[in-house]
Number of protein chains: 2
Amino acid sequence: MALEKEISSIVRFHRKKSGLSQAEFAKTAGVGKTVIFDIEKGKQTVRLSTLQKVFIALNIRVSFSSPLMDAFEKSKEEGNANR
Amino acid sequence: MALEKEISSIVRFHRKKSGLSQAEFAKTAGVGKTVIFDIEKGKQTVRLSTLQKVFIALNIRVSFSSPLMDAFEKSKEEGNANR
DNA sequence: GACATATTACTGTTTAAGCGGTATATTACG
DNA sequence: CGTAATATACCGCTTAAACAGTAATATGTC
C-alpha cells in the first residue's frame, strides 16, 4: 500500500475515533484545516514536520524496518552512528 | 528519539552501506543532492514524497503503531474504511 | 424536507522546499 | 604531507506547501 494512502486512512480513522472534526482536530494538532483535508485525501507532498504534529496529536508512532535494520540497531548500541 | 533524527541516522547508515556518496545516492533516488544532505542533517521540513523516494531506494519500510491500531486493522478487514 | 454540521473545493498570499552550481571544509588514503 | 573524494555550506531560482477565508457539497439528525 502506498505510504500516503496508508497515512490517509490511519489519520482519518484515528481522528474520527477522537470525535473531532477536521477543523477542530487541526487546531489541537497545531496545523491548518486544509492540510488535514489534504492528508486524508492522500497528498504526497506534505512536510514531515506537519505529519509529525498530526501523529503526536493522534498518539501514532512511526517505525522503520529493512534488511539492514538489525545491523543498524547494533551499530547504535556500539555507539557507531556512522562509518 | 525525534523522528527526523531517527530518519537522519537510518538514512545515513543505509546509504553508507550502499557505498554511495550523497551525490551518487541522490541520483539513484531521483532527488537533489541538497535534500540528502538536509535529511542526514535532521531537517524536519522534508516532504513526504522526497522521503518516500529515499526509503524506496534504500529498501526501508515504514510502519505505524498506536493504541487504536488493532481496531484500525480490524476495520480494514471489515471494509469499513471510515465511520 | 429542513436544519445543523462536516467535508470538500477554490481563493490569494506568504514562506520555504527542492534544485543545481559552486565554494569551502572535512575526511580518507597513497 | 599532498591530493582526491566526500561532505558541508551558501547562492539564486522556481515551484508549491501551508494558511485562513469563503463557498459549495455532502452527511447526517430531527
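In the text below, chain A, chain B and the rest are named by the order of the sequence lines, each starting its count at 1.
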Between B:Lys41 and B:Glu24, who's closer to the 5' end of DNA chain D by nearest nucleotide?
B:Glu24

Can you name the atoms? Protein N/O to nucleotides 27-29 of chain C N/O, anything below 3.5 Å, with the distance.
none

Supply the atom-to-atom distance A:Arg61 CZ to B:Ser66 OG, rounded to the nearest 0.5 angstrom.
11.0 Å

So does A:Arg15 get a side-chain nitrogen or oxygen closer than 4.0 Å to the phosphate oxygens (OP1/OP2) of C:dA6?
no

Any chance you could measure A:Phe13, atom CZ, to A:Leu58, atom CG, to the nearest 0.5 Å?
11.5 Å

Point-to-point distance, once rounded to the nearest 0.5 Å, from CZ of B:Phe25 to OG of B:Ser18
6.5 Å

Could you grab the distance from atom NZ of A:Lys41 to atom OG1 of A:Thr34, nearest 0.5 Å is fine?
11.0 Å

Can you name the residues that form a salt bridge (Lys or Arg N to Asp or Glu O under 4.0 Å) with B:Lys43, not counting sequence neighbours?
B:Asp38

Listed by chain and number, what are the salt bridge (Lys or Arg N to Asp or Glu O under 4.0 Å) partners of A:Glu40, not counting sequence neighbours?
A:Arg12, A:Arg15

Do any N or O atoms of the protein come closer than 3.5 Å to N or O atoms of nucleotides 17-22 of chain C, and which pairs are they?
| from | atom 1 | to | atom 2 | distance (Å) |
| --- | --- | --- | --- | --- |
| C:dA17 | OP1 | B:Thr45 | OG1 | 2.9 |
| C:dA17 | O5' | B:Thr45 | OG1 | 3.3 |
| C:dG18 | OP1 | B:Arg47 | N | 2.6 |
| C:dG18 | OP1 | B:Thr50 | OG1 | 3.1 |
| C:dC19 | OP1 | B:Gly32 | N | 3.1 |
| C:dC19 | OP2 | B:Gly32 | N | 2.6 |
| C:dC19 | O5' | B:Gly32 | N | 3.4 |
| C:dG20 | N7 | B:Lys33 | NZ | 3.4 |
| C:dG20 | N7 | B:Thr34 | OG1 | 3.4 |
| C:dG21 | N7 | B:Lys33 | NZ | 3.2 |
| C:dG21 | O6 | B:Lys33 | NZ | 3.0 |

So, the side chain of A:Glu73 versus the backbone of A:Asp70: is there a donor-acceptor pair under 3.5 Å, distance only?
no

So does A:Arg12 get a side-chain nitrogen or oxygen closer than 4.0 Å to the phosphate oxygens (OP1/OP2) of C:dT8?
yes

Range on DNA chain D touched by chain A - first to last nucleotide, heavy-atom distance under 4.0 Å:
D:dA17 to D:dT22

Go through the side-chain N and O atoms of B:Ser63 and A:Ser63 and say whether any donor and acceptor fall under 3.5 Å apart.
yes

Quantified as the angle between the terminal helix axes (five pairs each), what is the overall bend of the helix from C:dG1-D:dC30 to C:dG30-D:dC1 to 10 degrees?
60°

